[in-house]
There are 2 protein chains.
Amino acid sequence: MPSIPSSILNLMDNYLPAQFQALGDRTRFAVVERLLNGPASVSELAKPHDMALPAFTKHLGVLERSGLITSTKAGRVRTCAINPKAFTDIEQWFLDRRAHWDSRLNRLAQHLSETDGD
Amino acid sequence: MPSIPSSILNLMDNYLPAQFQALGDRTRFAVVERLLNGPASVSELAKPHDMALPAFTKHLGVLERSGLITSTKAGRVRTCAINPKAFTDIEQWFLDRRAHWDSRLNRLAQHLSETDGD
DNA sequence: AAATAACTTAACCAATCAGCTAAGTTTCTG
DNA sequence: CAGAAACTTAGCTGATTGGTTAAGTTATTT
């Protein structure tokens with residue numbers, strides 16, 4: 001059974017560290033929180049941040065390359081929006097790890113209670 | 001003994017960008033995934049990573065300063081463990097934002113249906 | 001007591017990052 | 001069509017990051 005080469009899968013694969021790194025900057029984190037209220041243009045998003053536009057648009061580039069946001073240009077205005085799937089994926093990672101973590105603790109507790117009287 | 005005001009502690013506390021940044025590196029991300037299986041010593045954690053120990057312990061420093069992990073030294077062995085509260089806090093951020101996001105979409109849908117016949 | 005194990009500290013280096021200014025492009029407005 | 005608005009591209013810079021080696025410290029083993 002021929003399968004998709006892992007080189008391609010790896011590209012498709014949502015790589016969480018890239019998304020965490022994107023969120024790991026005050027400015028980008030604030031942009032994401034803003035966009036959770038709905039889409040906005042570049043200049044609208046930039047307004048609260050005390051920096052020149054080129055610096056700011058680099059941040060948007062990082063967010064977009066990580067997959068956390070999307071953007072489309074209409075006329076001279078670029079509009080940015082949250083990519084909900086990226087958030088669902090990260091959320092899922094936390095849910096999975098929590099489930100794993102909890103079951104580990106349960107096994108531990110089980111083991112401790114079973115060996116209690118030894 | 002003068003102490004750090006709680007107002008400042010609260011600001012330091014739970015500063016998500018720092019935690020995201022800590023997770024935004026392959027090595028540190030892998031360490032966290034490993035620690036979700038249970039505590040481990042520094043050299044145990046370092047083994048799978050092809051780098052000298054000083055480089056590796058810097059990563060542990062970043063993780064610990066962010067609050068994602070804790071460590072204690074017994075004899076010459078430092079043992080690292082997950083700090084579950086940090087994970088709960090991040091998880092909570094995602095749950096909160098999702099709730100907010102969903103209610104925004106609901107309001108939007110509501111609005112669209114109410115103005116449907118205009 | 002000497003050797004080894006498990007880090008730790010210090011000093012350095014290359015690469016990436018976050019910012020800047022200046023100049024360019026495209027699209028709207030008057 | 002001239003000018004302004006909304007980015008975009010290019011090139012520079014200082015700070016931070018992720019790595020290195022060499023040498024030190026502290027605890028255990030033999």
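Every chain is numbered from 1 and lettered A, B, ... according to where its sequence line falls, protein lines coming before strand lines.
In this structure, B:Q21 reaches the D:dT17 phosphate: one of its side-chain N or O atoms is under 4.0 Å from OP1 or OP2. Within the 4.0 Å cut-off from OP1 or OP2 of D:dT8, at least one side-chain nitrogen or oxygen of A:K73 is found.
Here the nucleotide nearest the side chain of A:H59, chosen from C:dA18, C:dT8, D:dC7, is C:dA18. Among the nucleotides D:dG19, D:dT8, C:dT27, the one closest to any side-chain atom of A:R76 is C:dT27.
Rounded to an integer number of Å, the gap from A:R78 CZ to D:dC7 P is 9 Å. We find that CG of A:D25 is positioned 11 Å from P of C:dC17, with the value rounded to whole Å. Nucleotide D:dT9 holds its P atom 13 Å from the CG atom of A:L60, rounded to whole Å. Distance B:L23 CG to D:dG18 P: 13 Å, rounded to the nearest Å.
For the atom pair CG of A:L68 and CD1 of A:I82, the computed distance is 7.5 Å after rounding to the nearest 0.5 Å. One distance of note links CZ of B:R97 with CG of A:N37; it measures 9.0 Å at 0.5 Å rounding.
With 3.5 Å as the limit, one finds a donor-acceptor pair spanning the side chains of A:S71 and A:E64. Under 3.5 Å, the side chains of B:T88 and A:R98 contain a donor-acceptor pair of N or O atoms. The closest side-chain donor-acceptor pair between A:Q92 and A:D96 falls under 3.5 angstrom.
Using a 4.0 Å heavy-atom criterion, one finds that B:R26 contacts no nucleic acid atom at all. Across all strands, A:K58 comes closer than 4.0 Å to base atoms (heavy-atom distances).
Within residues 40-56 of chain B, the residues approached by DNA chain C to less than 4.0 Å at the level of any non-hydrogen atom are B:S41, B:V42, B:S43, B:L53, B:P54, in residue-number order.
Contact annotation: the side chain of A:R28 approaches that of A:V62 to within less than 4.5 Å [non-hydrogen atoms, C-beta and beyond].
Less than 6.0 angstrom separates the ring centroid of A:W93 from the ring centroid of B:F29.
Mapped onto DNA chain C by nearest heavy atom, A:V62 and B:T57 fall at different nucleotides, with B:T57 at the one closer to the 5' end. Between A:G75 and A:R28, it is A:R28 whose nearest contact on DNA chain C lies nearer the 5' terminus.
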